[in-house]
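Inspection log for the structure reproduced underneath, given as structure tokens.
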Amino acid sequence: MNVKPIPDSLLGDRFTLYTPRSGGWSGITVENVRVERMSAASSPTSSNTRDISEITVWYDCANSYPSADFCAGMRAKYHGEIYQITEVKFYRANALHHIRIKAVKIGGNYTEENY
């Protein structure tokens with residue numbers, strides 16, 4: 001079974017992937033992905049409101065770059081916010097074709113610029 005790549009019209013986002021190293025974190029920019037951001041707050045009516053925003057990243061094995069290994073525990077930076085990767089799901093037919101990455105916000109503030 002062959003699966004078509006994600007259409008280019010749905011790709012075009014980028015994020016920075018951080019991998020833990022002995023001296024801290026090492027980052028690379030991952031491009032041509034689709035990022036879906038969900039803004040959420042815990043207990044929105046209490047005085048202890050906590051930002052629990054999440055992102056879902058779709059990585060297309062044919063069109064996204066560079067090639068990278070993704071696993072829970074890594075971090076992602078998207079529009080100034082830092083996310084902890086909590087789930088990585090691989091989709092394959094004959095070969096790996098898509099990767100879905102879910103992450104929850106752990107810090108930072110949203111900015112219009114994606115640096």
Side-chain angles (χ1 to χ4, degrees):
M1 175 167 126
N2 288 331
V3 178
K4 294 182 179 182
I6 298 172
D8 272 337
S9 61
L10 297 178
L11 301 174
D13 293 322
R14 71 172 188 241
F15 72 98
T16 304
L17 177 67
Y18 290 98
T19 305
R21 300 281 185 232
S22 60
W25 295 87
S26 174
I28 61 165
T29 301
V30 180
E31 299 190 55
N32 213 37
V33 296
R34 177 172 179 82
V35 179
E36 300 167 349
R37 182 179 177 272
M38 182 193 71
S39 181
S42 66
S43 305
T45 58
S46 81
S47 61
N48 295 347
T49 302
R50 194 171 136 239
D51 186 350
I52 55 169
S53 297
E54 298 178 355
I55 57 172
T56 301
V57 178
W58 292 93
Y59 180 93
D60 184 272
C61 295
N63 295 318
S64 301
Y65 54 89
S67 178
D69 291 324
F70 303 99
C71 65
M74 292 175 143
R75 293 185 179 174
K77 184 176 183 181
Y78 180 69
H79 281 274
E81 296 176 315
I82 306 295
Y83 294 85
Q84 182 90 39
I85 295 176
T86 56
E87 179 184 324
V88 179
K89 185 170 182 178
F90 300 94
Y91 294 86
R92 62 180 76 238
N94 294 336
L96 185 60
H97 57 84
H98 300 104
I99 302 171
R100 184 188 72 196
I101 302 157
K102 292 194 170 243
V104 64
K105 183 177 174 180
I106 59 171
N109 294 310
Y110 184 84
T111 62
E112 288 298 319
E113 283 293 315
N114 189 15
Y115 55 90

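We're numbering straight along the sequence, starting at 1.
Atom CG in Asp69 sits 8.5 Å away from atom OG1 in Thr19 (nearest 0.5 Å). Rounded to the nearest 0.5 Å, atoms CD1 (Ile52) and NZ (Lys105) are 11.5 Å apart. The OG1 atom of Thr16 lies 9.0 Å from the CD atom of Glu31; values are rounded to the nearest 0.5 Å. Ile99 CD1 to Trp58 CH2: the interatomic distance, rounded to the nearest 0.5 Å, is 11.0 Å.
Shortest non-hydrogen contact noted between Ala103 and Ile85 is CB-CA, 3.8 Å. For the pair Ala76 and Phe15, the tightest heavy-atom approach, listed with the atom from each and the gap, is CB-CD1, 3.7 Å. Closest approach of Ser39 to Arg37, counting heavy atoms only: CB-NH1, 3.9 Å. When every heavy atom of Tyr18 is checked against every heavy atom of Met74, the shortest pair comes out as O-CB, 3.5 Å. Of all heavy-atom pairs between Ser53 and Ala40, the closest is OG-N, 3.4 Å.
A donor-acceptor pair is defined here as one N or O able to donate and one able to accept, closer than 3.5 Å; such a pair exists between the side chain of Asn114 and the backbone of His79. A donor-acceptor pair under 3.5 Å is formed between the side chain of Asn32 and the backbone N or O of Asn63. In terms of modelled atom types and a separation under 3.5 Å, the side chain of Glu81 and the main chain of Asn109 share no donor-acceptor contact.
Using bins of under 30°, 30° to 60° and over 60° for the plane-to-plane angle, the ring pair Tyr91/His98 lands in the perpendicular bin.
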Does the pair Tyr78 and Asp13 meet the rule for a side-chain contact (heavy atoms from CB on, under 4.5 Å), with working shown? CA-CA 9 Å; Tyr78 180 69; Asp13 293 322; 4.1 Å; yes

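When each of Val33, Ile6, Val57 is checked for a side chain to side chain contact (heavy atoms under 4.5 Å, CB included) with Ser64, only Val33 meets the rule.
Linking ILVMFWY side-chain heavy atoms closer than 4.5 Å, directly or via other members, places Leu10 and Tyr65 in two distinct hydrophobic clusters. One hydrophobic cluster holds both Val30 and Leu96 under the rule that ILVMFWY side chains link at heavy-atom gaps under 4.5 Å. Taken together through direct or relayed side-chain contacts under 4.5 Å among Ile, Leu, Val, Met, Phe, Trp and Tyr, Val88 and Leu17 form part of one hydrophobic cluster. In this structure, Ile55 is a member of the same hydrophobic cluster as Phe90, with clusters built from ILVMFWY side-chain heavy atoms closer than 4.5 Å. Two different hydrophobic clusters hold Ile106 and Tyr110 under the rule that ILVMFWY side chains link at heavy-atom gaps under 4.5 Å.
Salt bridge annotation for Glu87-Lys89: absent, with no cationic side-chain nitrogen under 4.0 angstrom from a carboxylate oxygen.
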